[in-house]
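One structure is given below, encoded as structure tokens.
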Amino acid sequence: MAKKKYYAVAEGRRSGVFTDWSTCEKQVKGFAGAKYKSFATEQLAQEWLKNPLYEKKSKSDSKVGKKVAVEDAPPGSIVVYTDGGSINNPGPGGYGIVIDEEGEQSEMSGGFRLTTNNRMEMMAAVVALGVVTKRQKPVHLYSDSSYLVNGIAKGWARKWRIKGWRKSDGQPVLNIDLWQKLLALLEGCSVTFHWVKGHAGNPLNERCDTLAVAAARKPPTEVDVEYEKK
């Protein structure tokens, strides 16, 4: 039986402690700058609300993976967190990126006037990898998109490419342009994809979500050309 969780919302449509994710999600999804975290007990959730700060990585701990990643990234690796989504799907969309290299963090974000959730998840990875793969270091990329992570980690995209961008049932693959860009960026590089659970108190995953939502709500004017062609 799954352990009960308590969700503390410091900034959202309504603040407070909620006992189920669906109610919490209504308060934070699509809310720019939402701040929330899950806890094992109500007492811990209430205590956090008194001073709602995310745990920050100290300078002495130079590997972000030791605190927020599903697995520790090996020394010398670049850690990348990405997220993306669209309002109403399809609709205005955005992506957010946090890059951590030896304890130094940088952020990136962008938005499009009309796109989809999956395209923004993929776009975040494309943009991030376009930057970090030039540094010739192992990269560990963390995303809460099963579509993105499984597409690469399980080899689906490479199989689709061999089959002329057709799935096993013969249906055409969606978002071919972005899969092609991802595969091209991965050539000759050491990149490992990891899935992380979204909205589960992971600071960097939540920061990426905040960046993506803010970019989608601007409203953005950039055109997702390949999507709008269709």
Side-chain angles (χ1 to χ4, degrees), residues 28-30 32-34 64-65 68-70 73 77-101 105-135 137-154 156-157 173-186 189 191-200 202-228:
V28 300
K29 188 173 183 179
V64 67
V68 300
V70 173
S77 301
I78 300 174
V79 172
V80 178
Y81 273 75
T82 65
D83 198 15
S86 69
I87 299 171
N88 297 324
N89 191 36
Y95 64 83
I97 300 164
V98 177
I99 298 171
D100 188 291
E101 185 174 3
Q105 291 186 358
S106 59
E107 298 179 348
M108 303 172 68
S109 64
F112 294 84
R113 68 184 187 184
L114 180 63
T115 187
T116 68
N117 287 341
N118 283 340
R119 287 188 66 81
M120 288 298 93
E121 296 279 13
M122 297 177 69
M123 185 67 73
V126 167
V127 173
L129 292 177
V131 173
V132 298
T133 53
K134 297 175 182 177
R135 300 175 187 172
K137 293 182 179 181
V139 176
H140 287 260
L141 187 148
Y142 297 84
S143 168
D144 60 18
S145 169
S146 297
Y147 176 75
L148 167 66
V149 174
N150 289 340
I152 298 299
K154 293 188 176 182
W156 295 351
V173 173
L174 298 178
N175 308 313
I176 295 173
D177 60 309
L178 295 178
W179 288 121
Q180 289 174 326
K181 289 179 180 179
L182 278 172
L183 292 179
L185 286 165
L186 295 174
C189 299
V191 181
T192 305
F193 281 66
H194 304 275
W195 179 84
V196 294
K197 186 176 181 180
H199 309 294
N202 184 308
L204 295 190
N205 173 261
E206 291 179 359
R207 179 56 184 162
C208 288
D209 177 73
T210 297
L211 291 170
V213 171
R217 289 169 62 93
K218 278 186 178 179
T221 58
E222 191 169 349
V223 179
D224 185 350
V225 177
E226 290 301 317
Y227 180 76
E228 291 203 21

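- Smallest separation of non-hydrogen atoms from G93 and P220: O-CG, 4.0 Å.
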* Would H140 and I78 satisfy side-chain contact (heavy atoms from CB on, under 4.5 Å), going step by step from the backbone distance to the final call? -> CA-CA 6 Å; H140 287 260; I78 300 174; over 6 Å; no

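- By the salt bridge (Lys or Arg N to Asp or Glu O under 4.0 Å) test, D144 pairs with no residue at all, sequence neighbours left out.
- Among all heavy-atom pairs drawn from F112 and D224, the shortest one is CD2-N, 3.4 Å.
- Q105 places no side-chain N or O within donor-acceptor distance of the main-chain N or O of D100, the cut-off being under 3.5 Å.
- Looking at residues two or more places apart in sequence or on another chain, you find no salt bridge (Lys or Arg N to Asp or Glu O under 4.0 Å) involving K218.
- Rounding to the nearest 0.5 angstrom, the gap separating the CG atom in D83 from the CZ atom in R207 is 12.0 Å.
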* To do: Check step by step if side-chain contact (heavy atoms from CB on, under 4.5 Å) holds for I99 and R135.
  => CA-CA 12 Å; I99 298 171; R135 300 175 187 172; 4.1 Å; yes

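- Partners of A124 under the side-chain contact (heavy atoms from CB on, under 4.5 Å) rule, at least two apart in sequence or in another chain, are T82, Y95, I97.
- The side-chain heavy atoms of T115 and M123, taken from C-beta on, include no pair separated by under 4.5 Å.
- With sequence neighbours excluded, the residues forming a side-chain contact (heavy atoms from CB on, under 4.5 Å) with L174 are Y147, listed by chain and number.
- For the atom pair K181 NZ and L185 CG, the distance stands at 9.5 Å (nearest 0.5 Å).
- Side-chain atoms of N202 come within 3.5 Å of backbone N or O of N205 as a donor-acceptor pair.
- Between atom CD of residue E101 and atom OG of residue S77 there is a gap of 10.0 Å, rounded to the nearest 0.5 Å.
- Listed by chain and residue number, nothing satisfies the salt bridge (Lys or Arg N to Asp or Glu O under 4.0 Å) test with E222 (two or more places apart in sequence, or in another chain).
- Rounding to the nearest 0.5 Å places CE of M122 at 5.0 Å from CG of N175.
- Closest non-hydrogen pair, G94 versus A215, comes out as CA-CB, 4.1 Å.
- At least one side-chain heavy atom of V173 sits under 4.5 Å from a side-chain heavy atom of W179.
- Across all their heavy atoms, S145 and E121 have their closest contact at CB-CD, 3.5 Å.
- A distance of 12.0 Å separates CE of M120 from CG of L148, quoted to the nearest 0.5 Å.
- Side-chain contact between Y227 and P90 is present, with at least one heavy-atom pair separated by less than 4.5 Å.
- Among all heavy-atom pairs drawn from L211 and G96, the shortest one is CB-CA, 3.8 Å.
- You'll find the side chain of L141 stays beyond 4.5 Å of the side chain of H194, heavy atoms only.
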* Please step through side-chain contact (heavy atoms from CB on, under 4.5 Å) for the pair V213 and I87, ending with a clear verdict. => CA-CA 8 Å; V213 171; I87 299 171; over 6 Å; no

* **Full working for side-chain contact (heavy atoms from CB on, under 4.5 Å) between R113 and V223** => CA-CA 6 Å; R113 68 184 187 184; V223 179; 3.6 Å; yes

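- For N117, the side-chain contact (heavy atoms from CB on, under 4.5 Å) partners at least two apart in sequence or on another chain are S86, N89.
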* Could you walk me through whether E226 and R119 pass salt bridge (Lys or Arg N to Asp or Glu O under 4.0 Å), step by step? => CA-CA 10 Å; E226 290 301 317; R119 287 188 66 81; over 6 Å; no

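- Atoms NZ and OG, from K154 and S146 in turn, are 8.0 Å apart once rounded to the nearest 0.5 Å.
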